[in-house]
Peer 1: 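Sending over a structure as C-alpha cells; questions will come in a sec.
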Amino acid sequence: MKKQLLIRDVTLRDGQQSLFATRMNQNQVNRTLPGFKSAGFYAMEVWGGAIPDSIMRYLNENPWDRLENIHKELGDSTLLTALSRGRNLFGYNPYPDSVISGFNRNAIASGITIMRIFDALNDMENIRSTVKYVKENGGIADCTLVYTVDPKYSTREKVKALLHAKVLPTKIFTKDYFLKKAIELQEMGADIITIKDMAGLITPLRAGMLVRMIKQNVSLPLDFHTHCTPGYGLASTLMAIVNGADIVDTSLMSFAGGTSAPAFELIQLFCSRMGIATGVNLESIIQLDQVLRSIRLELKEFDTYKFPREFNILTDKLPRDIDQMMEMAIAYAKADKEDDLLEVCHRIESWFGFPEPDAKICEAEIPGGMYSNMLAQLKALKLEKLLPRALELIPLVRLASGCPPLVTPTSQIVGVQAVNCALDEANGNPAYTTKSIQFVNLVKGVYGQTPVPVDPDFRFRIAGVKREMPFDTKFYKKQENPVFEEYGDVKLALNEKEELLLELFPSVAHEFLKKRMETTYLSEIHSIEEEKQRKLEEEKHKYNILTPDEKQKRLLEGLYNYGWSSAEGETLGLS
C-alpha cells in the first residue's frame, strides 16, 4: 500500500493574499469552484486571514456570503479551513469569550470544518478558548507552532555589547522550545498540529529535525506550512515530507512561489517519484490551473511577479537535467544535505519560472511583508537611507520587547518601532522617544506573555508600569449597532454575523454595512417608484376604454383611494 500524504490547498486564501493582496472577487472565486470540487484535496484554506477585512474594504463583498457560497458549491468534496489568531481573532487586543464563541460557532455553521488557530507570541493561553469553542461546535482544532528564529545581531551591536559587558542572548527558539509547545497543544485538546512558518524562515535541516522530533513525541497529525520568499520553501517542504509530515500546504502553480507557498505540481512530482499518494485528481488540476492563469491576468495590477511556466503534469516531460535534479533533490533530502538540496531546488524552481530567492529577506531573516512595510514607511518620509540602520535595530527592539516571533501582527509592531528608533537616533533623540501604542501594549503585556520576559525597568520606561498588565476583557466595550431613522429605522447590523463583523472590523464593517444599507434603501425606493408607475400605466389603460361617465367616476375614486396628485391625474389624462 502506498504511503499517503494529505494536501491542504491554500490557493484561495493564503495564495491570493500573498501574491495579489486578496483581490479575488466572488465571480472569480466562483469560476474556480467546479475545478476544486473535482480536485479532491484533503482540505482547502478559503477564509480568515486578510479575507474578511479585504473583501469588505476593497470589493464591497460580505465575508460570510463568500464562505457560505464556497461551502454550498464544494459540499463535502473537501474540508474547508480558516485562519484566526486565537483570542485576538483578527485584531490586536484579545476579545471576551462571547465574541470568540460567537465567531467560531458561526464560522463552523457557515462551512468551516478546520479552524487553524495561532498566536503571534506562541502564548498557548491565547489559543485555549478557541480550541474549546471550535470543538464544542463540531469543528477540528488545528493548533499552530509559529516558527521563528533567534535574533541575528549585527557586528556593530555585538561589539557594543562586549564593550559594555552585556550578553546578547540566543538559543531562545530551540527544538526543545517547539517540542514543549507541541506537547502543550496536544494536552490542550488540539486535533492537528501545524508548524506554521509564515515568514518562510525555516531551513530544510530545521524543518526535517522539527518534523522528526514532533512525530516521535506527539500522536497528532502534523501539518507543515511555509512560504518561498527567502528560497527555502520547496526544499523545506520536501524535507518535511521525507521526515514524516502527514499534511503539507501548497498552492496551485499559478498562485505559488515568491511570497506564496510551494507549488502543488512540484510537490506532486516529488511524491510520484517517492511512491507517495496524494489522492488529488490531476486532470482537474490541469484544467483548474488554466482558470487560475486567466484570473491572475485579471489581477495584473496587484501582481509583481512573472508568470510561471505552463506545465501539464500528466503529459509534459521534464528536460533530462531537470528530471535528474528532481531525483537528486529527493536523495539530498533523505541524506540531510541541505546546501546541495537548496541548490537543485532553486534550479528546478528557476526552470519552472518561479521568482529567485529574495537575498535581502534571507540575510535579514525577517518576513518579506515586514521588510516592505519598513521601506514604505521610510519612503513616505523620504528617508530610505535609514533602512540599513532600522534593520540593524530589529534584533534589539525585538529582544527589548520580549523577543516576539516575527509574524502578523508582531512583525509589523517590531518593524515600525525599529524605524521609529532609527528616526530618533537620526534626530539626536534617545531611543524609544517615538513609540506606537501597539509597541507600548506589547511591552505592557496586553497581547499576552512574550517568549522572553520583558525587563521591568524597560517596561516602566515604555508603558509606565513595572509589572505585566494583561488585557482585562471586563473593560471590553461592545461596538454600537446604531439605528438609522433616515433609512426606515433599520439597524446597521441585521443579524449576529453582521454584529460580529462590527466587533472584529469596526471601521471597515461600519462603512461596508452602511453602504449596503444605503444601496438597499435606494433600491427599495426605486422599486416603489417603478411599482407606482406600473399602476399608473395600468390605470391609464383601463381609463381609456371607459365611457365619459365612467371616466369621471374613476377619476374621483383614484383621487380619493390612491391619493393621486393633479400631475398624476394629468399623466392619465384624467384632468
Side-chain angles (χ1 to χ4, degrees), residues 4-20 22 24-52 54-55 63-84 107-118 134 138-142 144 191-192 194 196 198 221 223-227 237 245-256 260-265 267-268 271 278-292 295-296:
Q4 299 288 314
L5 176 72
L6 300 178
I7 303 292
R8 184 190 315 231
D9 177 84
V10 299
T11 303
L12 294 184
R13 206 288 298 172
D14 206 5
Q16 66 138 333
Q17 180 175 321
S18 297
L19 295 181
F20 317 118
T22 324
M24 281 183 77
N25 60 40
Q26 188 65 58
N27 177 266
Q28 290 166 330
V29 170
N30 289 346
R31 283 154 53 193
T32 71
L33 298 182
F36 276 117
K37 185 172 185 177
S38 59
F41 287 111
Y42 157 69
M44 286 175 55
E45 186 181 69
V46 298
W47 209 62
I51 280 184
S54 293
I55 69 172
W64 295 107
D65 291 347
R66 167 76 59 98
L67 173 57
E68 288 161 5
N69 186 75
I70 293 173
H71 182 235
K72 178 182 176 183
E73 293 300 317
L74 296 184
D76 297 327
S77 63
T78 183
L79 301 179
L80 299 186
T81 83
L83 177 69
S84 79
I108 292 169
S110 295
I112 293 300
T113 298
I114 303 174
M115 184 63 72
R116 176 172 277 173
I117 314 153
F118 80 97
V134 166
I140 295 172
D142 173 16
T144 67
D191 299 303
I192 299 171
T194 294
K196 187 162 178 61
M198 302 181 214
D223 193 324
F224 182 79
H225 172 101
T226 191
H227 289 245
T237 301
D246 302 288
I247 313 164
V248 296
D249 291 7
T250 64
S251 194
L252 289 182
M253 187 171 286
S254 291
F255 280 43
S260 185
F264 164 75
E265 289 85 344
I267 297 302
Q268 179 63 52
C271 287
T278 63
V280 177
N281 180 343
L282 300 185
E283 289 185 358
S284 294
I285 295 303
I286 295 162
Q287 297 167 8
L288 182 53
D289 197 61
Q290 290 298 312
V291 176
L292 290 168
I295 292 171
R296 181 166 178 174

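In this text, all values refer to a predicted model and were calculated from it rather than measured experimentally. These numbers come from the heavy atoms of this one structure, side chains and all, not from hydrogens, waters or symmetry mates.
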Peer 1: Are the side chains of F224 and K196 in contact, using a 4.5 Å heavy-atom criterion?
Peer 2: no
Peer 1: What pairs of donor and acceptor atoms, side-chain ones from residues 41-50 against any protein atom, are under 3.5 angstrom apart with sequence neighbours left out?
Peer 2:
residue	atom	partner	partner atom	Å
E45	OE1	R13	NE	3.0
E45	OE1	R13	NH2	3.2
W47	NE1	P63	O	3.0

Peer 1: Distance alone, cut at 3.5 Å: any donor-acceptor contact between the side chains of S254 and D289?
Peer 2: yes
Peer 1: Output, in order, the C-alpha distance, side-chain angles, deciding distance and verdict of side chain to side chain contact (heavy atoms under 4.5 Å, CB included) for I70 and L80.
Peer 2: CA-CA 9 Å; I70 293 173; L80 299 186; 4.1 Å; yes
Peer 1: Quick one: do the T11 and Q16 side chains pair a donor with an acceptor below 3.5 Å?
Peer 2: no
Peer 1: Between D142 and R8, does a salt bridge (charged side-chain N to carboxylate O under 4.0 Å, His left out) hold up when you go through it step by step?
Peer 2: CA-CA 12 Å; D142 173 16; R8 184 190 315 231; 2.8 Å; yes
Peer 1: Can a donor-acceptor pair be found, under 3.5 Å and without considering hydrogens, that links the side chain of S110 to the backbone of W64?
Peer 2: no
Peer 1: To the nearest 0.5 Å, how far apart are CG in D14 and OG1 in T250?
Peer 2: 11.0 Å
Peer 1: Indicate the atoms forming the closest heavy-atom contact of T226 with P262, along with that distance.
Peer 2: O-CD, 3.8 Å
Peer 1: Examine the side chains of S260 and S18 and answer whether a donor and an acceptor come within less than 3.5 Å of each other.
Peer 2: no
Peer 1: Are I108 and V134 close enough, and set up right, to give a side chain to side chain contact (heavy atoms under 4.5 Å, CB included), and what steps lead you there?
Peer 2: CA-CA 8 Å; I108 292 169; V134 166; 4.2 Å; yes
Peer 1: Give me the atom names and distance for the closest heavy-atom approach of R31 to V291.
Peer 2: O-CG1, 3.8 Å
Peer 1: How long is the straight-line distance from CD1 of I267 back to CD1 of I7, given to the nearest 0.5 Å?
Peer 2: 7.0 Å
Peer 1: Quick one: side chain to side chain donor-acceptor pair (under 3.5 Å) partners of S77, sequence neighbours excluded?
Peer 2: none
Peer 1: Is the shortest heavy-atom distance from the side chain of Q17 to the side chain of F255 under 4.5 Å?
Peer 2: no
Peer 1: Between atom CG of L6 and atom CD1 of I247, what is the distance when rounded to the nearest 0.5 Å?
Peer 2: 5.5 Å
Peer 1: Identify, with sequence neighbours excluded, every residue that meets side chain to side chain donor-acceptor pair (under 3.5 Å) alongside E73.
Peer 2: none
Peer 1: Decide side chain to side chain contact (heavy atoms under 4.5 Å, CB included) for F36 and L74; before the verdict, give the C-alpha distance in whole Å, the side-chain angles of both, and the deciding distance to 0.1 Å.
Peer 2: CA-CA 8 Å; F36 276 117; L74 296 184; 4.1 Å; yes
Peer 1: Under the side chain to side chain contact (heavy atoms under 4.5 Å, CB included) criterion, do F264 and D9 qualify, and how do the steps go?
Peer 2: CA-CA 8 Å; F264 164 75; D9 177 84; 5.6 Å; no
Peer 1: Taking all non-hydrogen atoms of both residues into account, name the closest pair between A256 and S251 and its distance.
Peer 2: CB-O, 3.7 Å
Peer 1: Search all heavy atoms of A261 against all heavy atoms of D249 and return the closest pair with its distance.
Peer 2: CB-O, 4.3 Å
Peer 1: Calculate, to the nearest 0.5 Å, the distance between atoms CG and CD belonging to L5 and Q268 respectively.
Peer 2: 9.0 Å
Peer 1: Using modelled atom types and a 3.5 Å cut-off, is there a donor and acceptor pairing between side-chain atoms of D191 and backbone atoms of A141?
Peer 2: yes
Peer 1: Other residues, nucleotides and ligands only: do more than 12 of their heavy atoms fall within 6.0 Å of CG on N27?
Peer 2: yes
Peer 1: Taking all non-hydrogen atoms of both residues, which atom of T194 and which atom of H225 are closest, and how far apart?
Peer 2: CG2-CB, 4.1 Å
Peer 1: Pairing donors with acceptors under 3.5 angstrom, does anything connect the side chains of R116 and S84?
Peer 2: no
Peer 1: What distance do L252 atom CG and L288 atom CG have between them, rounded to the nearest 0.5 Å?
Peer 2: 5.0 Å
Peer 1: Atom CG in L12, atom CD1 in I51: separation rounded to 0.5 Å?
Peer 2: 7.5 Å
Peer 1: Suppose we screen for side-chain contact (heavy atoms from CB on, under 4.5 Å). Which residues come up paired with Q290, at least two apart in sequence or across chains?
Peer 2: R293, E310
Peer 1: Please identify each residue that fulfils side chain to side chain donor-acceptor pair (under 3.5 Å) with T81, with sequence neighbours left out.
Peer 2: none
Peer 1: According to salt bridge (charged side-chain N to carboxylate O under 4.0 Å, His left out), who are the partners of R66, at least two apart in sequence or on a separate chain?
Peer 2: E61
Peer 1: When you measure from the side chain of T32 to the backbone N and O of V29, does any donor-acceptor pair fall under 3.5 Å?
Peer 2: yes
